[in-house]
Amino acid sequence: MAHVNTVLGPVAPEELGYVAIHEHVGYGMPGSELDTKWWKPFEARVDETMAQLRQFHAYGGRTFVDMTGICNGRDVDYYQVLSAKTGVHIIACTGFVGGDTALKHFATASVEYLADVFVHEITEGIGTTGAKAGVIKVGVSRGGRMTELDKRIYRAAGRAARATGVPIVTHLAIDAEPAVEIFHDERMPLDRVIFGHADDGVNHDKTNHAWIAAQGGIVGFDTFGYDLELPDPPFWGRKRAERLAHFRQFHAEYPDQVLAGVDANCSPLGWPGVKGHTVNYLFEELIPDLREAGIDDAEITRLFVTRPAEFYTVQPIT
């Protein structure tokens, strides 16, 4: 039976509803939990996150894909509690945001070892939670070029995805050529990969969007809401209208190879976060902007319901 792995067990794809395709319950760099400057009591983080997820559910959101990798604050026991209390399906990931966030134990690991870790978390569960990962996260390290460790992680992800049927999501779509070569080597279909953050304010002009689509990959416009119009915008921010126009142009050319999201962080770990940006930007700003730009309700449903459900469904690869 077709299913999606969530932290509370397998769910039928048609139950996913509106999907926030790339989000974070609480993301931080390794060691951020020791940074007392921005530390919040656990109760405060729970209150902050629960309020956002309940509002997400009230708007009609049903699935939150947490893309917080190993070593970056992933806490699946916590996700299970949040999901049970809010009614929001949470999909957890295995993998790493980038090689530069992998602690030394993993940084020196072989492709075979990394692939075994990913497969175990997808088929057996993460830690002692019993929750099975529903997606593999990989990424390009700071500096904009894939490191040797990044390449080992991508290769391990390709092998694990082929073995288990879950998809892959990348952090950044820059330096995509070696990624595509690795996935081809591992016989990983590119329509099971989202090349993410292709729209951010730092890397959008370094990303070969059309080339990725021509190879068969899916391009993620998934940093909507990090607007330069915010009171204190992040360095990766971008003008709201410019990002929307970029999406509209790409969507018009490649409607089947683009997905959209907001990459929000419910309660950041070890840094203050970005005020004024939550997962609910999806309903409060992004979907209204898309409607105003001429995208009809049928296409909005396809972008945020149908296509994400297809993508996150476990699909054996032959």
Side-chain angles (χ1 to χ4, degrees), residues 19-24 27 65 67-69 72 93 95-101 135-147 149-158 161 166-186 188-226 234-239 242-265 286 303 307-308 311-312:
V19 180
I21 65 165
H22 185 136
E23 310 298 326
H24 300 277
Y27 172 87
V65 184
M67 296 304 304
T68 304
N72 286 114
C93 74
F96 301 90
V97 172
D100 54 348
T101 72
V135 59
I136 305 173
K137 179 72 174 283
V138 298
V140 179
S141 294
R142 283 179 294 257
R145 289 289 180 267
M146 288 180 67
T147 65
L149 175 56
D150 292 338
K151 291 175 182 178
R152 293 203 306 277
I153 292 170
Y154 273 65
R155 190 171 295 282
V166 304
I168 296 172
V169 174
T170 80
H171 171 77
L172 304 179
I174 53 174
D175 204 23
E177 290 81 1
V180 168
E181 182 178 351
I182 288 167
F183 291 144
H184 281 162
D185 283 349
E186 299 299 330
M188 177 65 194
L190 293 183
D191 63 357
R192 300 292 290 149
V193 181
I194 294 176
F195 291 82
H197 304 339
D199 58 318
D200 76 23
V202 173
N203 296 298
H204 68 91
D205 59 349
K206 305 180 186 73
T207 298
N208 196 340
H209 304 72
W211 183 84
I212 292 170
Q215 307 311 303
I218 299 170
V219 176
F221 280 66
D222 46 22
T223 62
F224 273 100
Y226 287 114
F235 69 85
W236 63 92
R238 192 174 177 192
K239 289 183 179 179
E242 179 186 304
R243 189 196 317 270
L244 182 63
H246 184 189
F247 174 81
R248 287 289 288 118
Q249 179 183 6
F250 189 83
H251 173 264
E253 295 182 43
Y254 304 99
D256 296 324
Q257 290 175 264
V258 62
L259 287 171
V262 303
D263 191 30
N265 200 343
L286 176 54
L303 279 167
R307 290 285 288 117
F311 182 77
Y312 284 106

Min side-chain heavy-atom separation [X]-[Y] under 4.5 Å:
X      : Y      : value
Phe311 : Val193 : no
Arg307 : Leu259 : yes
Lys151 : Glu181 : no
Val180 : Phe195 : yes
Phe96  : Lys137 : no
Trp211 : Gln215 : yes
Pro167 : Ile194 : no
Asp200 : Thr207 : no

What's the verdict on ring pair (Phe, Tyr, Trp, His ring centres under 6.0 Å) for His209 and His204, showing C-alpha distance, side-chain angles and the deciding distance?
-> CA-CA 8 Å; His209 304 72; His204 68 91; 7.6 Å; no

Arg142: which of Asp150, Asp175, Asp100 passes salt bridge (Lys or Arg N to Asp or Glu O under 4.0 Å) | Asp100

Grab the two heavy atoms, one from [X] and one from [Y], that are nearest each other, plus how far apart they are.
X      : Y      : result
Gly69  : Val97  : N-CG2, 3.8 Å
Ser141 : Gly99  : OG-N, 3.4 Å
His246 : Ala198 : CE1-O, 4.1 Å
Pro178 : Met146 : CG-SD, 3.8 Å
Pro234 : Tyr226 : CG-CD2, 3.7 Å
Phe250 : Ala213 : CZ-CB, 4.0 Å

When you look at Val65 and Tyr312, which way does the side-chain contact (heavy atoms from CB on, under 4.5 Å) test go after all the steps?
-> CA-CA 9 Å; Val65 184; Tyr312 284 106; 3.7 Å; yes

Using a cut-off of 6.0 Å, state whether more than 12 heavy atoms not belonging to Lys206 lie near its atom NZ.
-> yes

For Glu177, does the CD atom have more than 12 heavy-atom neighbours from other residues, nucleotides or ligands under 6.0 Å away?
-> yes

Can you tell me how far [atom2] of [Y] sits from [atom1] of [X], rounded to the nearest 0.5 angstrom?
X      : Y      : atom1 : atom2 : value
Thr170 : Phe183 : OG1   : CZ    : 7.5 Å
His197 : Thr223 : NE2   : OG1   : 7.0 Å
Tyr154 : Ile182 : OH    : CD1   : 8.5 Å
Asp199 : Glu242 : CG    : CD    : 10.5 Å
Asp263 : Tyr27  : CG    : OH    : 9.5 Å
Ile21  : Asp222 : CD1   : CG    : 5.0 Å

How far apart are the C-alpha atoms of Val169 and Ile136, what are their side-chain angles, what is the distance that settles it, and do they pass the side-chain contact (heavy atoms from CB on, under 4.5 Å) test?
-> CA-CA 6 Å; Val169 174; Ile136 305 173; over 6 Å; no

Positive for side chain to side chain donor-acceptor pair (under 3.5 Å) with His24, one of Asn265, Asn72, Thr68 = Thr68

Taking it one step at a time, do Glu23 and Met67 satisfy side-chain contact (heavy atoms from CB on, under 4.5 Å)?
-> CA-CA 6 Å; Glu23 310 298 326; Met67 296 304 304; over 6 Å; no

Check whether any side-chain N or O of Gln257 sits under 3.5 Å from a backbone N or O of Gly217 as a donor-acceptor pair, and report yes or no.
-> yes

Evaluate side-chain contact (heavy atoms from CB on, under 4.5 Å) for Val135 paired with Ile168, printing each intermediate quantity in order.
-> CA-CA 6 Å; Val135 59; Ile168 296 172; 5.9 Å; no

Using a strict cut-off of less than 4.0 Å between a Lys/Arg side-chain nitrogen and an Asp/Glu carboxylate oxygen, indicate whether Arg155 and Asp185 qualify as a salt bridge.
-> yes

